[in-house]
Undergrad: 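What follows is a single structure, and I will ask about it in a moment.
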Amino acid sequence: MKDITRDIETAAAEAVKEIYQVDLSPGDFLVTSTKKEHKGDYTLVTFAVSKTLRQAPNLIAAAIGEHMQRTKPWVSSTEVLQGFLNISLSTDYWTSVMDEFKANPDFWKPVQPQEKVLVEFASPNTNKPLHLGHIRNILLGWSTYKILSACGHDVHRVQIVNDRGIAICKSMLAWQQFGEGVTPESVGMKSDHFVGDWYVKFEKKFVEEYKTWQSSEEAKELFDNRKDKELAEADFFKAYKNNYFNTTSKLGKDARDLLLKWEAHDQDTLDLWRKMNGWVYNGFNETYKNLGVEFDKLYFESDTYLLGKDLIEDGIKREVFYKKDDGSVWVDLTEYGLDHKLLLRSDGTSVYMTQDLGTAQKRYEEFDAQRMVYVVADEQNYHFQALFAIMAKLGAPYAKGLYHLSYGMVDLPEGKMKSREGTVIDADDLMADVIEEARIAAADREMKDPEVIRRIGMAALKFFIIKVDPRKRMTFDPKASVDLQGQTGPYIQNAYVRIQSILRRAGEDRKSYEGYVLNEDEKLLLNLLSQCRHTIENAAKDYNPALVANYAFALAKEYHRYYHDIKVLQAESEVAKEFRLVLINTIASILVNTMDLLGIEMPDRM
RNA sequence: GGCUCCAUAGCUCAAUAGGAUAGAGCAACGGUUUUCUAAACCGUAGGUUCCAGGUUCGAGCCCUGGUGGAGUCACCA
């Protein structure tokens, strides 16, 4: 497989060995694309090797350049600027690069020793429908799965569904008390939204109850006896809300009773729980389908929340963990720069961490994965540091392969999304909106195919989110997310569509392009194509799909310019036309493949 | 308050591993279509890369100190 950068590095190493009698490996050199304002295709940077070779960078560059020109027929000319050696490659070399791409349709895929990898993403709670934050999570998870698969790994997609706990009990209780037997069907509502509405209903009723209680003697007395006399009444009751829920509230007690009954396997409660969660899953599945994602295995918290206790027992025996007098179990993570973490409550029940330890172990046993990736928002950074540290301390064989793909929260132009203020953007609404915008934009165009319009709208949405570095917090501007021009998904789709249009007219018969002399734009495009593999490699190494997104955009941009300047079907010669047809066909294939890594589908016309 | 992360054009984002004169898009202004799809292309304008030091041939990137913002620091999940 041709690797231009590697060829240059190797040639440089050879030159250094002959001229300086010093052994350097190809990896010791830095090769970049030559800046547009200078002559040349690739640039060898010699500053770094200057010390080892004990010579000025410009002299080294000159010497290597001279040697390359003498010994490598594929180097047509070189030029030295300070420590930069700008190298121009011969036409033959460029043609041979095109030959290789043509002969190996998989040239863009990195080749890595296969590993078994688990990617966990989505992982919703079952009391509310999915929202914008889930979309970022799901796109990152899906794309990570795609990218790692392209690298040759065996990747499995899993999620853990938070299907138990007080939250779903609130929805259940509200439906039970105020629902009068309505169902999603009877009211004609998407079923996860239906359950979410009962959760909201509970909160509303609870706040009403709380407000009423605040004027009671009991509440007044509590407020008068507050520790901090400076505290205003509103602030006091805001802070006391949780306490009220757990101690005084009738609704709070009912909800907690429901949770206790669930834990005691009360049949009626389990039936209700199954019914409501079933509604939620139907709704989720529709959303996943619209997003174009699927999973290999679902873990349910109701199955896993008791896991991990034997790991804790084992840890205590081996004195990795310790037990306090009250019976609670802890681990000391100060050697990792962290704190002491609780693993079991004094009453012997689990906490979140316990469950995560158990789930990781279970997955490892089930999948035998070398790597497990958790796509979870950065608010849980500390949790995952602790989780991984505990695994390492336990000496788990898979500890080294654990990775937290941590991503920043999604903000709106007005600030944070807040469910209490109703500013959370719903996933289903959002998808419907972007598709509707695409439909409106297509109004004065010929294309009316709903499937194409769907792809365009979804491309706008997905690209807008996934082009941003996952680690960074991002601002989601609903207006900008439906843009179809500029640095967008549809812009890239359009580049692909333009190519398809040419290829349709060109017919099937392909002849030789031998002897064709490439222009500068074509070298640039080949150069970009050759970088695809490195880009995907880096994206896999860093778990960063944004790199692929930015690459696809750069390629589309370069192609749009080429399309504008260079004619293919009316080329100046037969060889030019033939070469260009192969070139644009390759570009189309890279565009469709890289976009597929992002979960974005291409239309053939738009 | 401790720890972690972030700060780049009016706005949203880029910038291989420390490499040349920090790039795109949007918004603004001007131009391009009898031509393979104008969801495109070209141009103009826009920067003390938060501040102050340091490291070196070279710093948006590394180090120190500050400023501003976010997250976290539950026998919550």
Side-chain angles (χ1 to χ4, degrees), chain A residues 5 27 30-35 37-38 43 45 47-48 50-51 56-57 81-84 86 125 162 164-167 242 301 305 324 326-330 337-339 342-347 349-353 355-356 377-383 385 406 408-409 411 413 416 438 441-442 445-447 456 460 464 467-469 471-477 479-481 483-495 497-506 531 534-535 538 546-547 550 553-554 557 559-571 580 584 605-606:
Chain A
T5 306
L30 176 66
V31 174
T32 61
S33 301
T34 302
K35 297 264 169 192
E37 54 270 27
H38 296 114
T43 297
V45 186
F47 293 99
S50 165
K51 255 193 196 117
L81 259 96
Q82 304 162 53
F84 301 96
N86 296 329
N125 295 319
N162 296 299
R164 63 168 287 279
I166 195 71
N242 253 340
E301 209 182 41
Y305 82 111
K324 283 192 181 173
D326 63 5
S328 58
V329 178
W330 296 75
L338 305 171
D339 262 326
L342 176 83
L343 297 173
L344 277 184
R345 296 193 185 99
S346 47
D347 63 4
T349 56
S350 305
V351 289
Y352 192 36
M353 186 65 80
Q355 178 188 159
D356 269 7
D378 62 7
E379 59 190 350
Q380 293 196 33
N381 282 353
Y382 185 82
H383 172 77
Q385 279 177 35
S406 161
M409 295 292 189
D411 291 323
K416 284 186 73 164
R445 299 177 142 257
E446 280 174 42
M447 175 50 61
I456 292 171
F464 186 80
K467 73 175 182 186
V468 181
D469 187 330
R471 288 175 284 273
K472 291 191 178 168
R473 240 184 138 85
M474 67 171 287
T475 306
F476 183 88
D477 180 349
K479 285 199 292 292
S481 72
D483 273 354
L484 309 176
Q485 280 145 32
Q487 194 181 27
T488 66
Y491 174 96
I492 300 169
Q493 290 177 319
N494 186 232
V497 162
R498 285 176 137 186
I499 294 175
Q500 294 314 306
S501 176
I502 297 174
L503 293 179
R504 271 195 299 272
R505 289 160 202 263
Q531 285 168 22
H534 298 296
T535 303
N538 284 335
L547 296 177
N550 290 323
F553 173 72
K557 184 172 165 54
Y559 175 72
H560 272 306
R561 204 163 67 85
Y562 181 73
Y563 175 87
H564 181 269
D565 293 345
I566 306 290
K567 297 296 159 224
V568 175
L569 296 176
Q570 289 88 43
R580 287 169 191 171
I584 66 171
R605 302 165 200 263
M606 64 193 286

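Model, not experiment: these values are computed from the prediction.
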Undergrad: Remember a base hit wins even if backbone is also touched, and classify Y491(A) as base, sugar-phosphate or nothing at under 4.0 Å, heavy atoms.
TA: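 It contacts sugar-phosphate atoms only.
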Undergrad: When you compare the side chain of K416(A) with that of R473(A), does any pair of heavy atoms fall below 4.5 Å?
TA: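 A side-chain contact exists here, since the closest heavy-atom pair is under 4.5 Å.
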Undergrad: Say whether, by atom type as modelled, one donor and one acceptor occur between the side chain of H560(A) and the main chain of Y491(A) under 3.5 angstrom.
TA: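 Side chain of H560(A) to backbone of Y491(A), a donor-acceptor pair under 3.5 Å: yes, one is there.
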Undergrad: Counting only side-chain nitrogens and oxygens, does K416(A) get under 4.0 Å of the OP1 or OP2 atom of G71(B)?
TA: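 So the side chain of K416(A) is within the cut-off, an N or O lying under 4.0 Å from OP1 or OP2 of G71(B).
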Undergrad: Could you tell me whether the side chains of N381(A) and S406(A) share a donor-acceptor contact shorter than 3.5 Å?
TA: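 Looking only at side-chain atoms, S406(A) and N381(A) do form a donor-acceptor pair, the distance falling under 3.5 Å.
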Undergrad: Take atom C1' in A24(B) and the same atom in A15(B), then report the distance between them in whole Å.
TA: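 Each nucleotide's C1' atom is 10 Å from the other's.
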Undergrad: If the P atom of C50(B) is compared with that of C11(B), how far apart are they to the nearest Å?
TA: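 Straight-line distance between the two P atoms is 13 Å.
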Undergrad: N/O contacts under 3.5 Å, protein versus nucleotides 29-36 of chain B?
TA:
{"residue": "C36(B)", "atom": "O3'", "partner": "R505(A)", "partner atom": "NE", "Å": "3.4"}
{"residue": "C36(B)", "atom": "O3'", "partner": "R505(A)", "partner atom": "NH2", "Å": "3.4"}
{"residue": "C36(B)", "atom": "O2", "partner": "L569(A)", "partner atom": "N", "Å": "3.2"}
{"residue": "C36(B)", "atom": "N3", "partner": "V568(A)", "partner atom": "N", "Å": "3.1"}
{"residue": "C36(B)", "atom": "N4", "partner": "Y563(A)", "partner atom": "O", "Å": "2.9"}
{"residue": "C36(B)", "atom": "N4", "partner": "I566(A)", "partner atom": "O", "Å": "2.2"}
{"residue": "C36(B)", "atom": "N4", "partner": "K567(A)", "partner atom": "NZ", "Å": "3.4"}

Undergrad: Check the distance between A39(B)'s P and R561(A)'s CZ and give it to me in whole angstrom.
TA: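 Rounding to the nearest Å, CZ of R561(A) and P of A39(B) are 20 Å apart.
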Undergrad: So R445(A), base contact, sugar-phosphate only, or nothing? Heavy-atom distance under 4.0 Å.
TA: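 Result for R445(A) = base.
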Undergrad: How far does the P atom of U49(B) sit from the matching atom of G60(B), given to the nearest Å?
TA: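 These two P atoms come out 8 Å apart once rounded.
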Undergrad: For T43(A), enumerate each residue passing the side chain to side chain donor-acceptor pair (under 3.5 Å) test, keeping only those at least two apart in sequence or located in another chain.
TA: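 Expected list: T34(A), N86(A).
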Undergrad: Could you please name the option among U16(B), U72(B), A77(B) that lies closest to any side-chain atom of Y352(A)?
TA: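 Minimum distance to the Y352(A) side chain belongs to A77(B).
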Undergrad: Test your reading of the model: is there a side-chain donor-acceptor pair from T535(A) to the backbone of Q531(A), 3.5 Å cut-off?
TA: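 It does hold such a pair.
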Undergrad: Which atoms form the tightest heavy-atom contact between M606(A) and P490(A), and what is the distance?
TA: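 Reported closest heavy-atom pair: CE-O, 3.7 Å.
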Undergrad: Under a 3.5 Å distance rule, please check whether D483(A) uses its side chain to pair with a backbone N or O of Q485(A) as donor and acceptor.
TA: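 Absent.
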Undergrad: Residues two or more places apart in sequence or in another chain: which of them pass ring-ring contact (aromatic ring centres under 6.0 Å, His included) with Y305(A)?
TA: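 Listed in chain order: W262(A).
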Undergrad: Select from D347(A) and R471(A) the residue whose nearest nucleotide in RNA chain B is closer to the 5' end of that strand.
TA: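 Mapping each residue to its closest nucleotide by heavy atoms, the 5'-most match is R471(A).
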Undergrad: Between C26(B) and A14(B), how many Å separate the two C1' atoms, rounded to a whole number?
TA: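 After rounding to an integer number of Å, I get 14 Å for this pair.
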Undergrad: Over all strands shown, is Q531(A) touching base, sugar-phosphate only, or nothing at heavy-atom distances under 4.0 angstrom?
TA: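 Counting heavy atoms under 4.0 Å across all strands, no contact is made by Q531(A).
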Undergrad: Rounded to the Å, how far apart are E379(A) CD and C6(B) P?
TA: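 So the CD-P distance, E379(A) to C6(B), works out to 17 Å.
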Undergrad: Distance check, C1' atoms only: C62(B) and A45(B), in whole angstrom units.
TA: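 One C1' to the other, the span is 35 Å.
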Undergrad: Restricting to side chain to side chain donor-acceptor pair (under 3.5 Å), what partner residues turn up for N125(A), sequence neighbours left out?
TA: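 N125(A) satisfies side chain to side chain donor-acceptor pair (under 3.5 Å) with N162(A) only.
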Undergrad: Between C61(B) and G1(B), how far is it from one C1' atom to the other, in whole Å?
TA: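 Between the two C1' atoms, the distance is 30 Å.
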Undergrad: Check whether any side-chain heavy atom of Y559(A) lies under 4.5 Å from a side-chain heavy atom of I584(A), and answer yes or no.
TA: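 Yes, close enough: below the 4.5 Å cut-off.
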Undergrad: Using only side-chain N and O atoms of R345(A), determine if any of them is under 4.0 Å from OP1 or OP2 of C76(B).
TA: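 True: R345(A) side-chain N/O within range (under 4.0 Å) of C76(B) OP1/OP2.
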Undergrad: Where do N or O atoms of nucleotides 10-13 of chain B meet protein N or O atoms at under 3.5 Å, pair by pair?
TA:
{"residue": "C13(B)", "atom": "OP1", "partner": "T475(A)", "partner atom": "N", "Å": "2.6"}

Undergrad: Could you tell me the separation between the CD atom of Q385(A) and the P atom of U4(B), rounded to a whole number of Å?
TA: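 So the CD-P distance, Q385(A) to U4(B), works out to 9 Å.
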Undergrad: May I ask you to say what L547(A) touches in the nucleic acid, namely base, sugar-phosphate or nothing, with a heavy-atom cut-off under 4.0 Å?
TA: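 Sugar-phosphate only.
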Undergrad: Please list, chain by chain and in numerical order, all residues satisfying side chain to side chain contact (heavy atoms under 4.5 Å, CB included) with R471(A), sequence neighbours excluded.
TA: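 Side chain to side chain contact (heavy atoms under 4.5 Å, CB included) list for R471(A), sorted by chain: D469(A), N544(A).
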Undergrad: Reading RNA chain B 5' to 3', how would its secondary structure be written in dot-bracket notation, given Watson-Crick and G-U pairs with both distances under 3.5 Å, brackets [ ] for crossing pairs and | for partners on other strands?
TA: (((((((..((((.....[...)))).(((((.......))))).....(((((..]....))))))))))))....
Undergrad: Got a sec, which residues hit side chain to side chain contact (heavy atoms under 4.5 Å, CB included) with V351(A), two or more places apart in sequence or on another chain?
TA: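 Residues passing side chain to side chain contact (heavy atoms under 4.5 Å, CB included) with V351(A): L342(A), R345(A), M353(A), T354(A).
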Undergrad: Apply side chain to side chain contact (heavy atoms under 4.5 Å, CB included) to L30(A) and list each qualifying residue two or more places apart in sequence or on a separate chain.
TA: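 Partners of L30(A) by the side chain to side chain contact (heavy atoms under 4.5 Å, CB included) criterion, ordered by chain and then number, come out as T32(A), V45(A).
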Undergrad: Specify the separation, in whole Å, of atom OH of Y382(A) and atom P of C5(B).
TA: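 Interatomic distance, OH of Y382(A) to P of C5(B): 14 Å.
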Undergrad: Write down the distance between CG (L343(A)) and P (A74(B)), rounded to a whole number of angstrom.
TA: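 It works out to 14 Å between those atoms.
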Undergrad: Would you kindly give the CG-to-P distance between L338(A) and U4(B), to the nearest whole Å?
TA: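 Atom CG in L338(A) sits about 11 Å away from atom P in U4(B).
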Undergrad: How many Å lie between NZ on K557(A) and C1' on A40(B), as a whole number?
TA: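 Those two atoms, NZ and C1', are 10 Å apart.
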Undergrad: Take the protein atom CD of Q355(A) and the nucleotide atom P of A77(B), then report the distance between them rounded to whole Å.
TA: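 From Q355(A) CD to A77(B) P: 8 Å.
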Undergrad: Output all residues satisfying side chain to side chain contact (heavy atoms under 4.5 Å, CB included) with A438(A), sequence neighbours left out; order by chain, then residue number.
TA: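 A438(A) satisfies side chain to side chain contact (heavy atoms under 4.5 Å, CB included) with I453(A), I456(A) only.
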Undergrad: Could you work out, with ring-ring contact (aromatic ring centres under 6.0 Å, His included) as the rule, every residue matching F476(A), not counting sequence neighbours?
TA: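 Applying ring-ring contact (aromatic ring centres under 6.0 Å, His included) to F476(A) gives F464(A).
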Undergrad: Look for any protein N or O under 3.5 Å of an N or O in nucleotides 18-21 of chain B and output each such pair with its distance, or none.
TA:
{"residue": "A20(B)", "atom": "OP2", "partner": "K35(A)", "partner atom": "NZ", "Å": "3.2"}
{"residue": "A20(B)", "atom": "N6", "partner": "T43(A)", "partner atom": "OG1", "Å": "2.7"}
{"residue": "A20(B)", "atom": "N6", "partner": "N86(A)", "partner atom": "OD1", "Å": "2.9"}
{"residue": "A20(B)", "atom": "N1", "partner": "N86(A)", "partner atom": "OD1", "Å": "3.4"}
{"residue": "A20(B)", "atom": "N1", "partner": "N86(A)", "partner atom": "ND2", "Å": "3.4"}

